[in-house]
There are 2 protein chains.
Amino acid sequence: MTATPMNEPIMDLVAAKERGFTLDDCPVRDVLDKLSGKWATLLLFELHIGPKRFGVLRRSVPDISQRMLTQTLRTLERDGFISRTVKPTKPPSVEYALTDMGASFMPLIAEIVAWADQNHEQIRLMRRTFDAVE
Amino acid sequence: MTATPMNEPIMDLVAAKERGFTLDDCPVRDVLDKLSGKWATLLLFELHIGPKRFGVLRRSVPDISQRMLTQTLRTLERDGFISRTVKPTKPPSVEYALTDMGASFMPLIAEIVAWADQNHEQIRLMRRTFDAVE
DNA sequence: TAAAGTAGGCACATTGAGGTAACCTGCCAC
DNA sequence: GTGGCAGGTTACCTCAATGTGCCTACTTTA
């Protein structure tokens with residue numbers, strides 16, 4: 001709840017800082033931007049269950065607008081997290097799927113979910129306490 | 001590079017979805033918002049090395065404005081990631097430090113950094129390829 | 001002929017994160 | 001006094017992310 005006597009620092013992070021990983025064109029930003037968008041993780045989430053078509057995705061994430069669905073899928077495709085395959089059905093359909101790289105990213109999301117699950121009660125408690133004092 | 005035959009889904013994620021973790025007041029959002037801000041991770045990064053005073057933090061992250069430094073520190077404190085301690089020195093000084101909860105969050109950041117380190121070349125390759133085709 | 005379902009595109013408004021710059025409150029030294 | 005440092009706060013502005021609504025082009029079904 002208060003200051004910690006500091007468990008020893010994670011050396012990877014110390015090393016990362018020394019390599020300049022805190023700069024603006026930083027590779028980590030590329031990844032963080034995926035996590036930060038409102039929809040990207042939800043879509044990765046859906047595709048992690050299995051490949052899905054455009055319309056199915058839209059119904060799976062009912063709040064998303066068509067525009068944001070298209071746009072988010074594009075940037076995820078652009079960065080190689082998902083693939084887009086047009087199938088020559090009668091009305092051509094488009095299937096989206098995780099790539100191997102995208103799939104390798106999901107364990108990180110799973111860990112974040114797990115951490116959030118373990119800590120969100122304390123976070124909300126701290127928040128209420130902080131707000132109460134003004 | 002193309003569609004993956006889908007390694008088996010991570011059951012924690014499937015379970016999370018069934019518990020409604022994709023909703024708007026979702027606990028995961030609370031955590032993702034920390035990662036998404038421009039400065040929060042950098043400040044956690046600095047405090048992970050050790051406790052630091054306001055002015056030291058400002059010099060450690062030279063691009064940050066006083067306003068954003070104060071603001072980001074406040075929200076991190078509000079959510080219990082860091083602690084704020086006023087010390088009765090001649091001009092009173094303020095020391096910021098990771099809390100235990102904040103420290104427990106750092107391994108996740110370390111993993112994201114490691115993943116970004118391994119994959120950013122491919123991401124940028126995919127991006128260039130995608131942009132070339134138009 | 002009309003409706004409804006495929007997968008989008010385009011134009012505009014909103015909104016919130018972030019930046020800039022100035023001011024403030026103590027306390028110290030000159 | 002005047003100036004500086006510490007740690008802020010406040011007002012104002014910008015810009016990118018996101019939302020809303022309407023449009024296309026094609027095909028199947030009623």
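Quick note on labels: first sequence line is chain A, next is B, and so on, each numbered from 1. Computed over heavy atoms, backbone and side chain alike; hydrogens, waters and symmetry mates excluded.
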Return the set of residues passing side chain to side chain contact (heavy atoms under 4.5 Å, CB included) with Lys52(A) (not counting sequence neighbours), or none when no residue passes. Glu46(A), Leu47(A), Ile49(A), Val56(A), Leu57(A), Ser60(A)
Taking the inter-plane angle between the rings of Phe105(B) and Phe81(B) on a 0 to 90° scale, is it parallel (under 30°), tilted (30 to 60°) or perpendicular (over 60°)? perpendicular
Only one of Thr72(B), Leu43(B), Leu69(B) passes side chain to side chain contact (heavy atoms under 4.5 Å, CB included) with Val61(B); say which it is. Leu43(B)
Going by an N to O cut-off under 4.0 Å, is there a salt bridge joining Arg19(B) and Asp117(A)? yes
Return the minimal non-hydrogen interatomic distance between Ile82(A) and Thr99(A), and the atom names on each side. C-CG2, 3.5 Å
For nucleotides 13-20 of chain C, give me one character per nucleotide, 5' to 3': B if any protein heavy atom sits under 4.0 Å from the base, S if the only such contacts are to the sugar-phosphate, - if neither. -----BBB
Going 5' to 3' along DNA chain D, which are the first and last nucleotides with any atom under 4.0 Å from a heavy atom of chain A? dT18(D) to dT28(D)
Does any non-hydrogen side-chain atom of Met126(B) lie less than 4.5 Å from one of Arg78(A)? no
Under a 4.0 Å N-O cut-off, is there an ion pair linking Asp79(B) with Arg124(A)? no
Just call it for Arg59(B): base, sugar-phosphate, or nothing, with non-hydrogen atoms closer than 4.0 Å on any strand. nothing
Are OP1 or OP2 of dA7(C) and a side-chain N or O of Arg58(A) less than 4.0 angstrom apart? no
Which atom pair, heavy atoms only, marks the closest approach of Trp115(B) to Met101(A)? CZ2-O, 3.6 Å
